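Here the structure is laid out as structure tokens; the discussion comes afterwards.
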Amino acid sequence: MSCEFVLVKKTRSALELMPAAICDLPYEGAKEMLLVDEVDSKAFLTKLFEAMYDELPYQNKKQRSEERGKCFIEYIPAENAWVPIVADGYLYINCLWVSGSMKGHGYSNDLLEACIRDAKAQGKKGICILCAEGRKREFLADPKFLTHKGFCVADISDCGINLMYLPIEPTAQMPKFRECAKHPAIEETGFVLYYTDQCPYTYYWVPRVQEAAKKYGIPFKAIHITDKESAQNVPAPVTTYALFWDGQFLTQSIQSDKKFLALAGLQN
């Protein structure tokens with residue numbers, strides 16, 4: 001079987017190697033990709049894929065419970081995590097999610113234990129994760145549960161979001177926030193949102209919030225983070241969704257259009 005072209009993600013390296021490349025859609029509603037027509041050149045394809053490698057999203061490793069439902073853990077080598085932390089040699093838990101009927105059965109414990117076993121098998125220094133200071137917040141881990149499992153606070157951000165860690169190597173250096181995450185602040189006024197596609201809720205709600213802001217004349221700017229380097233330098237400890245108002249960090253909670261309008265003081 002042969003093909004006349006392939007489509008690749010529109011990365012900086014790909015654009016540099018193919019400045020005149022045509023953009024096309026792999027399917028209706030998808031994002032534009034670059035058309036590669038030199039499919040018969042093994043040397044060019046090798047050069048292209050090697051150049052793009054570090055800019056492609058890292059495939060998160062997932063462990064799922066045997067029972068169906070909203071119950072999963074997602075983790076990744078911390079060096080590749082899309083968050084502004086310094087945690088070389090650690091695993092970073094991007095999401096530990098148990099909800100609805102899955103709660104109360106010990107699945108959080110099972111999933112976390114699977115992650116710990118994997119970290120040990122890989123020879124990792126430890127595991128780290130974000131949580132709120134003192135209490136559970138939306139889209140962040142429960143600090144009480146983590147403390148119960150032996151996690152300790154490694155670093156603290158001014159906005160009340162902590163970086164917690166579970167050491168595996170007793171002498172391992174603690175992970176920490178980058179300075180941009182420890183003191184989240186920006187110079188722009190109005191609402192400014194930094195977000196990634198790590199959560200499907202952002203894909204759904206961000207455009208609707210943009211439409212609501214435009215309709216009501218609310219100053220709103222959305223900054224879509226699409227690469228690891230940018231994510232690791234976001235001026236907030238979270239990158240999935242970081243909403244600022246007049247330069248100050250406001251929330252990591254993904255807003256629906258109605259919630260956003262209430263936040264802006266336009267709806268009860």
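Worth knowing before you read on, the calculation uses all heavy atoms, side chains too, and leaves out hydrogens, waters and symmetry mates. Keep in mind it's a predicted model, so treat the numbers as computed, not measured.
- Closest heavy-atom contact between Ala154 and Pro175: CB-O, 3.4 Å.
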Derivation of the side chain to side chain contact (heavy atoms under 4.5 Å, CB included) call for Val8 and Val36: CA-CA 7 Å; Val8 299; Val36 183; 3.9 Å; yes
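- Ring planes of Phe139 and Tyr201: perpendicular class, angle over 60° (limits at 30 and 60°).
- With values rounded to the nearest 0.5 angstrom, Ser256 atom OG is found 5.0 Å from Trp205 atom CH2.
- Of the possible donor and acceptor atoms, none in the side chain of Glu133 sits under 3.5 Å from a partner among the backbone N and O of Pro143.
- Considering only residues two or more places apart in sequence or on other chains, Glu187 meets the side-chain hydrogen bond (donor to acceptor under 3.5 Å, both in side chains) condition with none of them.
- The distance from atom NE2 of His105 to atom OH of Tyr107, rounded to the nearest 0.5 Å, is 5.5 Å.
- Here Gln232 contributes atom CD and Cys180 contributes atom SG; the two are 9.5 Å apart, rounded to the nearest 0.5 Å.
- Taking all atoms of both residues into account, the shortest heavy-atom contact from Lys47 to Leu17 is CE-CD2, 3.7 Å.
- Gln252 has its side chain out of reach of Thr240: every pair of non-hydrogen atoms, C-beta onward, lies at least 4.5 Å apart.
- For the residue pair Phe44 and Met18, the shortest heavy atom distance occurs at CZ-CG, 3.6 Å.
- Using a 4.5 Å cut-off on side-chain heavy atoms (C-beta onward), Tyr194 and Val238 make no contact.
- When side chains are defined from C-beta on, Asp197 counts as touching Lys31, because their heavy atoms get closer than 4.5 Å.
- Closest heavy-atom contact between Lys9 and Met33: N-CE, 3.5 Å.
- Smallest separation of non-hydrogen atoms from Ile85 and Phe177: CG2-CD2, 3.9 Å.
- Note that CG of Leu96 and CZ of Phe145 are 6.0 Å apart. Values are rounded to the nearest 0.5 Å.
- Of the candidates Ile116, Leu112, Leu91, Ile116 is the only one forming a side chain to side chain contact (heavy atoms under 4.5 Å, CB included) with Leu166.
- Atom-to-atom distance recorded for Glu50:CD and Ser13:OG is 11.5 Å, nearest 0.5 angstrom.
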Check against side chain to side chain donor-acceptor pair (under 3.5 Å), Asp118 and Gln122: CA-CA 6 Å; Asp118 201 0; Gln122 294 184 43; 3.0 Å; yes
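- For Phe191 and Phe260, the distance between ring centers is under 6.0 angstrom.
- Taking every heavy atom of both residues into account, Ile254 and Cys199 meet most closely at CD1-SG, 3.8 Å.
- One finds the CG atom of Leu111 at 9.5 Å from the OH atom of Tyr75 (value rounded to the nearest 0.5 Å).
- For Glu229, the CD atom is loosely surrounded, since the number of other residues' heavy atoms within 6.0 Å does not exceed 12.
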